[in-house]
Amino acid sequence: MAGPRPVVLSGPSGAGKSTLLKKLMKEYDSVFGFSVSHTTRNPRPGEVNGKDYHFVTREAMQTGIENGDFIEHAEFSGNMYGTSKAAVQDVQAKNLICILDIDMQGVRSIKRADLNPIYISIQPPSMEVLEHRLRDRKTESEESLQKRLHAARVDMEISKEQGLFDTVIVNDSLEEAHGQLKAVLLEEIQKVKKTNMSS
Ligand SMILES: Nc1nc2c(ncn2[C@@H]2O[C@H](COP(=O)(O)OP(=O)(O)O)[C@@H](O)[C@H]2O)c(=O)[nH]1
Ligand SMILES: Nc1ncnc2c1ncn2[C@@H]1O[C@H](COP(=O)(O)OP(=O)(O)O)[C@@H](O)[C@H]1O
């Protein structure tokens with residue numbers, strides 16, 4: 001039997017993707033699994049290798065790409081990011097809903113793959129709010145922040161494209177955005193709960 005459909009969460013850096021997916025995974029224990037991407041960026045304080053990302057060198061990442069280990073990969077804000085086949089398979093082997101947190105280039109690549117996910121865009125209420133949140137997060141240098149804001153403007157334009165996403169959620173109030181995310185995923189959540197209860 002085919003497993004549950006994966007979920008792609010995309011949207012500007014700082015829109016609240018990690019916050020929303022962590023909240024979702026906490027509320028639904030044993031329903032979701034995170035696709036742990038590879039990246040060449042440095043870990044932030046508190047980030048765990050193998051849990052938040054596989055933190056690797058550019059050389060290791062290049063070798064993996066050449067070996068065909070990746071479903072998709074992209075360059076974002078001066079670093080490489082990619083979804084390995086193993087990252088998705090690890091989650092799907094447990095019959096969990098696989099969540100991919102990927103940028104717009106990743107969305108376009110995944111559309112050409114045979115993953116058939118639900119595409120959800122998480123958007124900030126405005127550029128001003130986004131900038132505040134990114135500054136308050138205190139994870140970025142001014143240079144990195146500016147790169148992210150530039151990419152965010154592009155992302156916010158592209159995400160309006162018809163047919164690219166199944167749902168666009170504006171993360172103004174966290175509780176409301178969380179509620180909308182749950183509503184979109186309810187059918188898949190119930191399927192997984194049912195299957196995993198009877199197995
Ligand atoms: N294409 C692609 N994008 C990714 C992957 N992993 C993370 N990203 C995206 O890379 C961007 C930067 O992520 P990150 O450095 O964690 O910063 P943050 O979004 O500001 O928390 C975000 O838009 C992520 O969605 C991946 O495996 N593939
Ligand atoms: N609805 C919200 N209201 C206020 N702050 C938020 C909200 N959602 C997320 N944040 C904060 O905004 C920052 C960016 O969120 P984060 O989840 O890291 O975004 P992303 O993963 O999309 O880059 C974090 O500091 C987070 O705590």
Side-chain angles (χ1 to χ4, degrees), residues 6-26 34-49 51-56 61 64-65 69-88 90-91 98-113 115 117 119-141 143-156 158-159 165 168-181:
V7 174
V8 162
L9 278 193
S10 196
S13 165
K17 300 178 298 295
S18 313
T19 307
L20 281 164
L21 77 83
K22 280 183 182 148
K23 200 168 157 62
L24 194 70
M25 292 180 77
K26 204 171 156 192
F34 183 54
S35 158
V36 182
S37 293
H38 283 61
T39 183
T40 62
R41 83 154 160 74
N42 290 324
R44 295 174 186 151
E47 283 184 330
V48 177
N49 191 24
K51 188 167 175 273
D52 297 286
Y53 280 107
H54 298 289
F55 295 100
V56 292
M61 185 108 186
I65 292 166
D69 297 344
F70 285 84
I71 302 175
E72 64 79 32
H73 61 90
E75 185 93 21
F76 181 92
S77 188
N79 286 297
M80 291 171 83
Y81 294 82
T83 308
S84 70
K85 292 175 181 168
V88 174
D90 283 353
V91 177
C98 181
I99 307 190
L100 289 82
D101 175 346
I102 57 175
D103 82 328
M104 196 60 87
Q105 302 163 77
V107 170
R108 298 223 188 263
S109 304
I110 291 290
K111 292 234 164 189
R112 294 191 294 269
L115 212 60
Y119 293 93
I120 302 173
S121 170
I122 306 296
Q123 292 290 322
S126 66
M127 273 306 292
E128 290 69 34
V129 171
L130 183 74
E131 181 166 351
H132 264 116
R133 287 187 189 164
L134 269 179
R135 287 193 185 278
D136 283 354
R137 195 173 72 181
K138 296 187 168 70
T139 54
E140 309 307 314
S141 64
E143 190 195 354
S144 165
L145 193 101
Q146 291 304 332
K147 281 187 186 167
R148 279 170 158 71
L149 290 176
H150 174 75
R153 279 190 196 92
V154 178
D155 187 298
M156 287 166 81
I158 299 177
S159 66
F165 291 97
V168 178
I169 295 174
V170 177
N171 178 22
D172 192 349
S173 138
L174 185 62
E175 287 309 320
E176 276 178 33
H178 176 64
Q180 286 174 32
L181 188 57

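All ligand and atom numbering here is 1-based and tracks the order in the structure.
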Colleague: Looking at K111 and E72, is there a salt bridge between them, counting it only when a charged N and a carboxylate O are closer than 4.0 Å?
Modeller: no
Colleague: For atom 4 (C) of ligand 1, state which one of I102, I71, T19 supplies the nearest heavy atom.
Modeller: I102
Colleague: Applying a 4.0 Å heavy-atom criterion (strictly less than), which segment of E140 is in contact with ligand 1: side chain, backbone, both, or neither?
Modeller: neither
Colleague: Heavy-atom distance under 4.5 Å between the side chains of K23 and L181, does that happen here?
Modeller: no
Colleague: Any side-chain to backbone donor/acceptor pair from K17 onto I122? Under 3.5 Å, distance only.
Modeller: no
Colleague: Which ligand 1 atoms, with their elements, are less than 4.0 angstrom from a heavy-atom of G82?
Modeller: 26 (C), 27 (O), 28 (N)
Colleague: Hey, can you tell me if H38 and H54 have their rings parallel, tilted or perpendicular (30° and 60° cut-offs)?
Modeller: tilted
Colleague: Could you tell me, atom by atom, which parts of ligand 1 come under 4.0 Å of a heavy atom of F76?
Modeller: 11 (C), 12 (C)
Colleague: How does R137 reach ligand 1, if at all, at less than 4.0 Å between non-hydrogen atoms: by side chain, backbone, both, or neither?
Modeller: side chain
Colleague: Heavy-atom distance under 4.5 Å between the side chains of Y81 and D103, does that happen here?
Modeller: no
Colleague: Is the shortest side-chain N to carboxylate O distance from D52 to K22 below 4.0 Å?
Modeller: yes
Colleague: Could you tell me whether the side chains of Q123 and S121 share a donor-acceptor contact shorter than 3.5 Å?
Modeller: yes
Colleague: So do K51 and V36 actually touch side chain to side chain, heavy atoms under 4.5 Å?
Modeller: no
Colleague: As an exercise, identify every atom of ligand 1 less than 4.0 angstrom from a heavy atom of A74.
Modeller: 1 (N)
Colleague: So if I count the atoms of ligand 1 from 1 in the order they appear, which ones are less than 4.0 Å from some heavy atom of R148?
Modeller: 12 (C), 14 (P), 15 (O), 17 (O), 20 (O)
Colleague: With atoms numbered from 1 as shown, which atoms in ligand 1 lie under 4.0 angstrom from a non-hydrogen atom of R41?
Modeller: 14 (P), 15 (O), 16 (O)
Colleague: Residue-level breakdown please: for K17 versus ligand 1, do any non-hydrogen atoms fall below 4.0 Å on the side chain, on the backbone, on both, or on neither?
Modeller: side chain
Colleague: Evaluating non-hydrogen atoms only, which member of V36, D101, I110 is closest to atom 25 (O) of ligand 1?
Modeller: D101
Colleague: Ignoring hydrogens, just give me the one of E72, R44, H54 whose non-hydrogen atom is nearest atom 2 (C) of ligand 1.
Modeller: E72
Colleague: Using a strict cut-off of 4.0 Å, indicate which atoms of ligand 1 neighbour a heavy atom of G106.
Modeller: 1 (N)
Colleague: Write out the protein residues near ligand 2, meaning a non-hydrogen atom under 4.0 Å from one of its atoms, in order of chain and number.
Modeller: P12, S13, G14, A15, G16, K17, S18, T19, R133, R137, N171, D172, S173, L174
Colleague: Among R44, R41, R133, K147, which residue meets the salt bridge (charged side-chain N to carboxylate O under 4.0 Å, His left out) test with E140?
Modeller: R44
Colleague: Give a yes or no on whether the backbone of A15 and the side-chain of N171 come within a donor-acceptor separation of less than 3.5 Å.
Modeller: yes
Colleague: Examine the side chains of D69 and S84 and answer whether a donor and an acceptor come within less than 3.5 Å of each other.
Modeller: no
